[in-house]
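Below is one structure, written out as structure tokens; the observations come after it.
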Number of protein chains: 2
Amino acid sequence: MRTIHTPLPTIRRIPLYLKILEEYEKNGVEWISTTDFSERLRLNPIQIRKDMAFTGITGQPKKGYRVTPLKNIILDFLGWNSPAEAFLVGCGALGSALLGFSGFQKYGLNITTVFDTDRHLVGKKIHGKEVLHLDRFHDLAQHMPVKIGIITVPEANAQQIADLMVDSGIPAIWNFAPAKLTVPPHVVVQREDLTEGLAVLSIRIKETIAR
Amino acid sequence: MRTIHTPLPTIRRIPLYLKILEEYEKNGVEWISTTDFSERLRLNPIQIRKDMAFTGITGQPKKGYRVTPLKNIILDFLGWNSPAEAFLVGCGALGSALLGFSGFQKYGLNITTVFDTDRHLVGKKIHGKEVLHLDRFHDLAQHMPVKIGIITVPEANAQQIADLMVDSGIPAIWNFAPAKLTVPPHVVVQREDLTEGLAVLSIRIKETIAR
DNA sequence: TAGATTGTTAATCGATTAACAATC
DNA sequence: TAGATTGTTAATCGATTAACAATC
């Protein structure tokens, strides 16, 4: 049987819904409708309803969805109810920026340990986390249930770090280096690439100015 | 007449092609075929050929595309041949990370001036750029052909910075704050959102582990 | 009850992939 | 010439949007 899996565009929109739900919850609002979402996000309400269906929530005609249950269903859906432990390698500006992103806790990501090879960084604290030498990575990974390895090193070192993560049994890699990583098929790699966004922005600028 | 514009997925793939082209050029290789691209990027060669067609390049059967002309056509296509001047607001970790991204010069982006309101930052140099007080933004923008405003401030201040950019006549905003900005229709806004990628990663982890 | 909103099936739209002719 | 690769038209696939029935 072929499982119908959730479309990628839907998955990408889900954090947007989550954000609004948190706001509603904070304000003590109990119900939210697709119209509410639609006005805030400027998305088609039908699309939103479809997206909701993928999370498994059921709503109530004339009222919408209950805010708190919907929030919890979404957190469950993404697996964000139980934070995943992550090791981060590369404490340059980008690594520091990610560490400073306090929001990650809310998004099921717990960066427990950070590494670098730079003698000037090792031992220092960044956002309250002591930078450890990369040598200790493998050992520490054996003793902790590390689910995600975050790569924020220069491109030239990215593959080597990925290899280390794979050897240490880490099942998923979030890669911020502009490198195509080679990993075994059972390892998940998610690549973030700013140049994608810059390309889209550039084209949109060109199209706007041309008019 | 309705212009057929380039699909967004194509635009997002183009920087990948560009990167390989630069490598080939550096190595003095004159020709590149869709097969070459395909092997490197693990993309369908037919898709690559379609993408090439959008850039306007014509290739040569049995040989492929000339590396340098293709690179230039792509740079032209994205408007990256003449770097766009950008002002960046918010010199925290993320802003610094962007400033340190030396690659941007290659990608048609020239961050000429950076701003903050924090007294401890103003006057300091970050990656060789002196941090100016935000008060000077509007005036300086009048005297320089600023095309892109980059927002790397906390969410709470993002809209206010966007307003300043719009008032200063900046036609495009690259927004790294997790905020939905309200701007006039003639202003282009490109939003970067890490939680999207984290959501995709989380779902892929769930799917992999479930198996 | 009437009306608003959900939920689902069908239609449309757009991107990817397949097929194949053109050409160096 | 034969074969590899481009370029284009057609087929497929998947996501979005439309239509409408169900229901509180």
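What you are looking at is a predicted structure, and each value in this text was computed from that prediction instead of being measured. In what follows, chains are A, B, ... by sequence order, proteins preceding strands, each numbered from 1.
- Where Thr58(B) and Leu8(A) each meet DNA chain D at their nearest nucleotide, the meeting point lying more 5' is that of Thr58(B).
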In B/S/- notation (B base, S sugar-phosphate only, - none; protein heavy atoms under 4.0 Å), nucleotides 18-24 of chain D written 5' to 3' is B----BB
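- A heavy atom closer than 4.0 Å to some atom of DNA chain D occurs in no member of residues 66-77 of chain A.
- Listed by first and then second residue, the side-chain hydrogen bond (donor to acceptor under 3.5 Å, both in side chains) pairs that reach into residues 91-105 of chain B are Gln105(B)-Asn110(B), sequence neighbours excluded.
- The separation between Leu43(B) atom CG and dT16(C) atom P is 10 Å, rounded to whole Å.
- Side-chain atoms of Asn175(A) come within 3.5 Å of backbone N or O of Ala179(A) as a donor-acceptor pair.
- Between the side chain of Lys26(A) and the main chain of Leu21(A), no donor-acceptor pair closer than 3.5 Å is present.
- Listed by first and then second residue, the salt bridge (charged side-chain N to carboxylate O under 4.0 Å, His left out) pairs that reach into residues 64-79 of chain B are Glu25(B)-Lys71(B), Glu30(B)-Arg66(B), sequence neighbours excluded.
- The stretch residues 33-40 of chain A comes close to DNA chain C through Ser33(A), Thr34(A), each having a heavy atom under 4.0 Å from the strand.
- Atom pair Asp51(B):CG and dT6(D):P shows a separation of 13 Å (rounding to whole Å applied).
- In this model, no donor atom of one side chain and acceptor atom of the other lie less than 3.5 Å apart for Asn27(B) and Glu23(B).
- For the pair Phe54(A) CZ and dT8(C) C1', the computed distance is 12 Å after rounding to whole Å.
- With rounding to whole Å, Ile48(B) atom CD1 is found 17 Å from dT8(D) atom C1'.
- Under 3.5 Å, the side chains of Gln47(A) and Asp51(A) contain no donor-acceptor pair of N or O atoms.
- To the nearest angstrom, P of dG14(D) lies 14 Å from CD of Gln47(B).
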Stepwise, does the ring pair (Phe, Tyr, Trp, His ring centres under 6.0 Å) test hold for Trp174(B) with Phe87(B)? CA-CA 10 Å; Trp174(B) 202 10; Phe87(B) 277 13; over 10 Å; no
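- Salt bridge status for Glu196(B) with Arg13(A): absent, with no side-chain N to carboxylate O gap under 4.0 Å.
- Rounded to whole Å, the distance from CE on Met52(A) to P on dT17(D) is 15 Å.
- In Lys147(A), the NZ atom is not crowded: 12 or fewer heavy atoms of neighbouring residues, nucleotides or ligands sit closer than 6.0 Å.
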Given Watson-Crick and G-U pairs under 3.5 Å, DNA chain D in dot-bracket ([ ] crossing, | other strand) is ..||||||||||||||||||||||
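- Across all their heavy atoms, Phe54(A) and Pro7(A) have their closest contact at CZ-CD, 3.4 Å.
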Stepwise side chain to side chain contact (heavy atoms under 4.5 Å, CB included) check, Leu198(A) with Trp80(B): CA-CA 10 Å; Leu198(A) 186 56; Trp80(B) 289 0; 3.9 Å; yes
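- Not one N or O on the side chain of Glu85(B) forms a donor-acceptor pair closer than 3.5 Å with the backbone of Ile111(B).
- In summary, the aromatic rings of Phe104(B) and Phe101(B) are positioned with their centroids under 6.0 Å apart.
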